[in-house]
Colleague: 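Pasting a structure below so you can have a look.
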Amino acid sequence: MGAHEAGALHAPGYGGVAFVPNWLRAPADAGELLPQLWASSVERAADGVLRVGGIDVRDLAATQGTPAYVLDERDFRARAAAFRDAFAAAFAPLGGSDVFYAGKAFLCTEVARWIAADALGLDVCTGGELAVALRAGVPGERIGLHGNNKSDAELRRALAAGVGRIVVDSLEEVDRVADLAAEAGVRAGILLRVTVGVEAHTHEYIATAHEDQKFGLSITGGVAAEAVRRALARPELELLGLHSHIGSQIFDTGGFEIAARRALDLHAAVRAEHGVELPELDLGGGFGIAYTSEHDPQDPADLAKGMAEIVERECLAHGVVPPRISVEPGRAIAGPSTFTLYDVGAVKDVLLDHGAQRRYIAVDGGMSDNIRTALYDADYSCTLASRASSASPVLARVVGKHCESGDVVVRDEFLPGDVARGDLLAVPGTGAYCRSMASQYNHVPRPPVVAVRDGEVRVLVRRETEDDLLAVDAG
């Protein structure tokens, strides 16, 4: 898409009928639910109304308001357990495995409790996320702390809490963690985040293993090897192993193969130079999910089997003992478990070039509750949730209420032609990076997160109010 000084939506051809995504087709039934997009309990009842966990979405809207993030608890926990069990089975013949839920996808106290209760580890990347984990009672040894610019206060808190793995991101941080560990009288377990030079097939902003970006210690440039030397020279540090993360929303395991090969190159070099067999290797996360019919993600069992084959092959090639492997799914657990429920406020038709027409459907949320469409050019699907419709499908764009032309929630979708003010729309796949990246832009309070399970509804994160907005305004 060509750039335009007035914004992407003004770029040549954007929105013209010829630029409808090639994966999007007018459906025979605009009410059909593609199972890969939705939590397992979501269904359309005989009256056309969406139900989740046995709850009618009209009742949710009436009691919880809109917009609202609606999370299927059983689905979330089943996905977490599927990763835990699949990797345990696949890596049992090798060095074993650990699964750490990547809390940056979505984290609150109750979710952290689920993760601990279901025997996963928890990956956090700020002091705030660590505070949630500790509030939830997650044992320190099952927490990993990431971050390319951790403060001394964050590191001190992690050391005091007995955090089991601190992922070190720079040469300076090696010595700083060691000094703080000496100050606290503890020995810190660390992983070194290495840059393996893999270009993940994803958006530039979420590809994290190529050289020209902020994360990691370069293997190619020799920085990672120097970090190993420094870490081994400090008795306050226990060098557990290496960490590699190649990006997000990845469907091809080829990138993991290259990452494992290059990380194990360094692993073997450490043994040769220092006589040390590093016990762990973290291959990160980034496993993709289906946001639209375009996407075809692998299930955890296939991912685990494929990655185990890669690790076994590369360990044999390098002549090293297979390390204990860890992975960090976040989006793949949280994303499909949640949809966002919106109320339609306005509908208008806009004439495009060559006589084409697009329908704009405005909802009561937008880029403050889902910035990913504007930030990453992300695609989403949606459906009419509050009733049945026999109207013919119409190409529509779902937009928000914010004062921005780029305030788009769903760029392209076929919806029934009679969608009108007062209808409810549901957008699936919003459990990851929507509430966690939500803002108060235009002073719009952030939506709640409500969990449903077996006909019961619980508020996990309450809706913000205008009083919340004004409480931090010192004027």
Side-chain angles (χ1 to χ4, degrees), residues 6-10 14-15 50 57-58 60-70 106 291 338-352 357-387 394-450 459 461-473:
L9 296 187
H10 298 271
Y14 193 105
L50 231 58
V57 295
R58 296 171 301 184
L60 284 171
T63 59
Q64 306 299 326
T66 56
Y69 303 107
V70 182
F106 171 66
Y291 287 105
T338 300
F339 64 83
T340 307
L341 189 64
Y342 296 103
D343 183 69
V344 174
V347 179
K348 66 172 69 171
D349 292 325
V350 176
L351 293 176
L352 308 174
Q357 180 174 287
R358 184 185 298 281
R359 180 155 296 172
Y360 277 75
I361 300 175
V363 296
D364 55 351
M367 64 193 302
S368 61
D369 59 71
N370 188 350
I371 192 62
R372 295 188 68 259
T373 306
L375 187 62
Y376 299 141
D377 294 329
D379 288 311
Y380 283 88
S381 300
C382 68
T383 193
L384 175 61
S386 52
R387 61 180 175 85
V394 172
L395 182 64
R397 176 162 292 163
V398 180
V399 297
K401 63 182 292 179
H402 299 284
C403 194
E404 294 283 343
S405 61
D407 178 24
V408 176
V409 179
V410 180
R411 187 176 291 111
D412 298 290
E413 182 61 284
F414 284 98
L415 290 169
D418 61 352
V419 169
R421 178 176 174 83
D423 283 328
L424 297 176
L425 297 184
V427 176
T430 58
Y433 305 107
C434 287
R435 179 57 177 82
S436 62
M437 298 177 77
S439 74
Q440 297 168 340
Y441 183 48
N442 290 154
H443 278 57
V444 174
R446 285 174 288 198
V449 181
V450 296
V459 176
V461 181
R462 69 165 174 83
R463 183 183 301 280
E464 288 182 337
T465 66
E466 290 181 357
D467 287 341
D468 292 322
L469 299 177
L470 296 174
V472 296
D473 187 334

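Worth saying up front: this structure is predicted, and the values here are computed from it rather than measured.
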Colleague: Rounded to the nearest 0.5 Å, how far does SG of Cys382 lie from CG of Leu424?
Modeller: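 Interatomic distance, Leu424 CG to Cys382 SG, rounded to 0.5 Å: 12.0 Å.
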
Colleague: Got Val398 and Tyr380 here, is their nearest side-chain heavy-atom distance under 4.5 Å?
Modeller: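 Side chain of Val398 against side chain of Tyr380, heavy atoms only: no contact under 4.5 Å found.
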
Colleague: Working to the nearest 0.5 Å, report the span between CG of Asp343 and CG of Asp364.
Modeller: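 If we round to the nearest 0.5 Å, Asp343:CG and Asp364:CG are 5.0 Å apart.
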
Colleague: Do Leu425 and Val344 make a side-chain contact, defined as non-hydrogen atoms from C-beta onward lying under 4.5 Å apart?
Modeller: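 Leu425 vs Val344: side chains touch.
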
Colleague: Mind checking the NZ-CD1 spacing from Lys348 to Ile361? Nearest 0.5 Å is all I need.
Modeller: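 Interatomic distance, Lys348 NZ to Ile361 CD1, rounded to 0.5 Å: 12.5 Å.
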
Colleague: Is there a donor-acceptor contact under 3.5 Å linking the side chains of Tyr441 and Asp407?
Modeller: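 No, no side-chain donor-acceptor pair sits under 3.5 Å.
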
Colleague: List for me each residue that meets salt bridge (Lys or Arg N to Asp or Glu O under 4.0 Å) alongside Arg421, sequence neighbours excluded, and say none if there are none.
Modeller: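 Once residues adjacent in sequence are excluded, Arg421 has no partner under the salt bridge (Lys or Arg N to Asp or Glu O under 4.0 Å) criterion.
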
Colleague: Does Val347 form a side-chain contact (heavy atoms from CB on, under 4.5 Å) with Arg359? I'd like the steps, not just the answer.
Modeller: CA-CA 7 Å; Val347 179; Arg359 180 155 296 172; 3.7 Å; yes

Colleague: Working to the nearest 0.5 Å, report the span between CZ of Arg358 and CZ of Arg397.
Modeller: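 Output value for this atom pair is 4.0 Å.
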
Colleague: Listed by chain and number, what are the ring-ring contact (aromatic ring centres under 6.0 Å, His included) partners of Phe339, not counting sequence neighbours?
Modeller: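 Counting only residues at least two positions away or on another chain, Phe339 forms a ring-ring contact (aromatic ring centres under 6.0 Å, His included) with Trp38.
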
Colleague: Looking only at non-hydrogen atoms, find the nearest pair between Val409 and Gly366 and report the distance.
Modeller: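 Closest approach of Val409 to Gly366, heavy atoms only: CG2-CA, 3.7 Å.
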
Colleague: Pairs of donor and acceptor atoms involving the side chains of residues 426-436, under 3.5 Å and at least two apart or interchain, shall be tabulated with distances.
Modeller:
| unit_1 | atom_1 | unit_2 | atom_2 | d |
| --- | --- | --- | --- | --- |
| Thr430 | OG1 | Thr340 | N | 3.2 |
| Thr430 | OG1 | Thr340 | OG1 | 2.7 |
| Ser436 | OG | Lys104 | O | 3.1 |
| Ser436 | OG | Ala105 | O | 3.1 |

Colleague: Asp379 versus Arg411: any side-chain heavy-atom pair under 4.5 Å?
Modeller: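 Yes; the side chains approach each other to less than 4.5 Å.
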
Colleague: Quick one: do Arg387 and Asp423 make a salt bridge, cutoff under 4.0 Å?
Modeller: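 Salt bridge: yes.
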
Colleague: How far does CZ of Arg463 sit from CG of Asp468, to the nearest 0.5 angstrom?
Modeller: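 Here the interatomic distance stands at 11.5 Å.
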
Colleague: I need the minimum non-hydrogen distance between Pro448 and Pro67, along with the two atoms involved.
Modeller: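 It is CD-O, 3.5 Å.
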
Colleague: Return the OG to CG distance between Ser386 and Leu341, rounded to the nearest 0.5 Å.
Modeller: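 One finds 8.5 Å between OG of Ser386 and CG of Leu341.
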
Colleague: Hey, does the side chain of Glu464 reach the backbone of Arg446 with a donor-acceptor pair shorter than 3.5 angstrom?
Modeller: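 Looks like yes, one N/O pair under 3.5 Å.
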
Colleague: Quick one: does any side-chain atom of Asp349 pair with a main-chain N or O of Gln357 as donor and acceptor, under 3.5 Å?
Modeller: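 Not a single qualifying donor-acceptor pair exists.
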
Colleague: Looking at side-chain heavy atoms only, is the closest gap between Leu60 and Val70 below 4.5 Å?
Modeller: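 They are in side-chain contact.
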
Colleague: Within the structure provided, determine whether Val461 and Tyr69 are in side-chain contact (heavy-atom separation under 4.5 Å).
Modeller: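 Not in contact.
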
